[in-house]
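These notes concern the structure reproduced below.
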There are 2 protein chains.
Amino acid sequence: MGKQMTEMLKGTLEGIVLATLAAQPAYGYEITARLRDQGFSDIVEGTVYALLIRIEQRGLVDVEKVPSEKGPPRKVYSLNAQGGEYLAEFWKSWDFLAARIEQLHRHSDNSQHDHEGE
Amino acid sequence: MGKQMTEMLKGTLEGIVLATLAAQPAYGYEITARLRDQGFSDIVEGTVYALLIRIEQRGLVDVEKVPSEKGPPRKVYSLNAQGGEYLAEFWKSWDFLAARIEQLHRHSDNSQHDHEGE
DNA sequence: TACCGGTAGATAGCAACACTGAATAGCAAG
DNA sequence: CTTGCTATTCAGTGTTGCTATCTACCGGTA
């Protein structure tokens, strides 16, 4: 993974985590592990925790401290109503952006053997 | 457009511009107008010029000064070989990220099938 | 001529975000 | 008690896009 992915994650990682929490509440360490499992191999704990603090301070998630058998108590995050709205906006932005970019993708694929104005 | 789009553009705008240049060389003002035309209504000249200078200094584009009938000479940018490789990497990162996010999108559609609320 | 609006580019400073790299803290097993 | 795993926190850094302003060239109009 290069620097491009790093920069691409700015603005999307937040949505990714919120969407993950929408599916099912989780705590920081768990989220990091899940992301790593999904292929985001270069995301480290520090990044996720900072993000969680951010979305907590914005009131997008509810927090519950749950004692764990191993280690310090877990802070379990779950998406609340406000977070749901925010996530909906995220999807809107994403859909818009993805549509434009996919369009560019197809164009650059086409332009090799075909001439078309637009 | 909200702050989400702003943050989402970080890391993607560069690719968007490079892809645009791959389709056809252009100068800054023109690119800005084209982006505006495509719906990126909040992107301003300053942003694009700074980005173009960045990718020029990285050697991703070739520059040619072309006199214009109106205003100062245009700096026409065109993607070169190195820029092509960079763009290819961009698409790889994009494909990966888009795949993960679309997956999350479908999942969250499954868990709660309301996709519009405001 | 002198001014104004549109075209075209450049620059300085700012805010947001993810990364690096560590430190801290609790518990279990050796 | 020390090691190792779980789990969280924090300070510092770099990249990026935005805001706002400035320079410069041209044609039209008063």
Side-chain angles (χ1 to χ4, degrees), chain A residues 1-18 25-36 40-58 60-61 63-77 86 90 93 97, chain B residues 1-18 25-36 40-58 60-61 63-77 86 90 93 97:
Chain A
M1 295 293 159
K3 191 171 37 168
Q4 284 185 334
M5 184 57 86
T6 294
E7 294 304 324
M8 236 180 252
L9 282 173
K10 291 188 179 180
T12 54
L13 183 58
E14 194 176 284
I16 291 172
V17 170
L18 287 176
Y27 54 98
Y29 198 81
E30 187 185 6
I31 293 173
T32 306
R34 231 187 264 176
L35 288 174
R36 287 248 186 80
F40 297 102
S41 51
D42 54 340
I43 292 181
V44 292
E45 284 88 351
T47 301
V48 175
Y49 284 115
L51 193 155
L52 288 172
I53 290 174
R54 232 180 292 146
I55 63 178
E56 179 187 355
Q57 286 176 347
R58 286 187 193 162
L60 304 180
V61 288
V63 186
E64 190 190 2
K65 278 220 168 175
V66 178
S68 72
E69 312 100 34
K70 294 197 163 196
R74 297 166 174 167
K75 286 179 72 176
V76 175
Y77 295 85
Y86 189 83
F90 170 81
S93 294
L97 184 64
Chain B
M1 296 294 160
K3 191 170 37 168
Q4 284 185 333
M5 184 56 87
T6 294
E7 292 303 324
M8 238 179 250
L9 283 174
K10 291 188 179 180
T12 54
L13 183 57
E14 194 176 284
I16 291 172
V17 170
L18 288 175
Y27 54 98
Y29 198 81
E30 187 185 6
I31 294 174
T32 306
R34 233 187 261 175
L35 290 174
R36 287 248 185 80
F40 297 103
S41 51
D42 54 339
I43 293 182
V44 292
E45 283 88 351
T47 300
V48 175
Y49 285 119
L51 192 155
L52 288 173
I53 290 174
R54 235 180 290 146
I55 63 177
E56 179 187 354
Q57 285 176 347
R58 285 186 194 163
L60 304 179
V61 288
V63 186
E64 188 188 4
K65 278 220 168 177
V66 178
S68 72
E69 312 100 33
K70 292 196 161 197
R74 297 166 174 166
K75 284 180 73 177
V76 175
Y77 295 84
Y86 189 83
F90 171 81
S93 295
L97 184 64

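Fair warning: this is a prediction, and the values are worked out from it, not measured in the lab. Below, read A as the first sequence line, B as the second, and so on, with proteins coming before strands; counting in each chain starts at 1.
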Treat primed atoms plus P, OP1 and OP2 as sugar-phosphate and everything else as base, then score nucleotides 23-28 of chain C 5' to 3': B for base contact with protein heavy atoms under 4.0 Å, S for sugar-phosphate contact only, - for none. --BBS-
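Across the protein-nucleic acid pair, A:Arg74 atom CZ and D:dA7 atom P stand 4 Å apart, rounded to whole Å. Look at CD on B:Glu56: it is 12 Å from C1' on C:dG9, rounded to the nearest Å. In this structure, the CD1 atom of A:Ile53 is 17 Å from the P atom of D:dA7, given to the nearest Å. In this structure, the CD atom of A:Gln57 is 12 Å from the P atom of C:dC17, given to the nearest Å. One interatomic measurement links the two molecules: OH of B:Tyr29 to P of C:dG6, which rounds to 9 Å at whole-angstrom precision. Here D:dT8 presents its P atom at 9 Å from NZ of A:Lys65, a figure rounded to the nearest Å. Taking atom CD1 on B:Ile55 and atom P on C:dG9, their separation rounds to 13 Å, with Å as the unit. When the C1' atom of C:dA15 is taken as reference, atom CE of B:Met8 falls 18 Å away, rounded to whole Å.
For A:Tyr27 and D:dA7, the shortest distance from a side-chain N or O to OP1 or OP2 is below 4.0 Å. For the pair A:Tyr49 and D:dT9, the criterion of a side-chain N or O lying under 4.0 Å from OP1 or OP2 is not met. In terms of phosphate contacts, B:Lys75 brings a side-chain nitrogen or oxygen within less than 4.0 Å of OP1 or OP2 of C:dA10.
A donor-acceptor pair under 3.5 Å is absent between the side-chain atoms of B:Glu7 and the main chain of A:Lys10, judged by distance alone. At least one donor-acceptor pair under 3.5 Å links the side chain of B:Arg36 to the backbone N or O of B:Ile43. Looking only at distances, no side-chain donor or acceptor of B:Thr12 sits under 3.5 Å from a matching main-chain atom of B:Ile16.
Exactly one of A:Glu64, A:Glu30, A:Glu56 qualifies for a salt bridge (Lys or Arg N to Asp or Glu O under 4.0 Å) with A:Lys75. That residue is A:Glu56.
For the pair B:Leu97 and A:Phe40, the tightest heavy-atom approach, listed with the atom from each and the gap, is CD1-CE2, 3.8 Å.
The structure places OH of B:Tyr77 at 10.0 Å from CG of B:Leu51, a figure rounded to the nearest 0.5 Å.
A:Leu52 places none of its side-chain heavy atoms less than 4.5 Å from the side chain of A:Val63. Residues B:Phe90 and B:Glu14 are not in side-chain contact: their nearest non-hydrogen atoms beyond the backbone lie 4.5 Å or more apart.
Projected onto DNA chain C by closest heavy-atom contact, A:Val48 and B:Gly46 fall at different nucleotides, the more 5' of which corresponds to B:Gly46.
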Provide a list of protein-nucleic acid N or O atom pairs under 3.5 angstrom, restricted to nucleotides 13-17 of chain D.
unit_1 : atom_1 : unit_2  : atom_2 : d
D:dG14 : N2     : A:Lys10 : NZ     : 2.9
D:dT15 : O2     : A:Lys10 : NZ     : 2.8
D:dT16 : OP1    : B:Arg58 : NH2    : 3.3
D:dT16 : OP2    : B:Arg58 : NH2    : 2.8
D:dT16 : O2     : B:Lys10 : NZ     : 3.0
D:dG17 : OP1    : B:Leu9  : O      : 3.0
D:dG17 : OP1    : B:Gly11 : N      : 3.3
D:dG17 : OP2    : B:Arg54 : NH1    : 2.8

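Every pair tested for side chain to side chain donor-acceptor pair (under 3.5 Å) that includes a residue from residues 46-55 of chain B fails, sequence neighbours excluded, so the list is empty.
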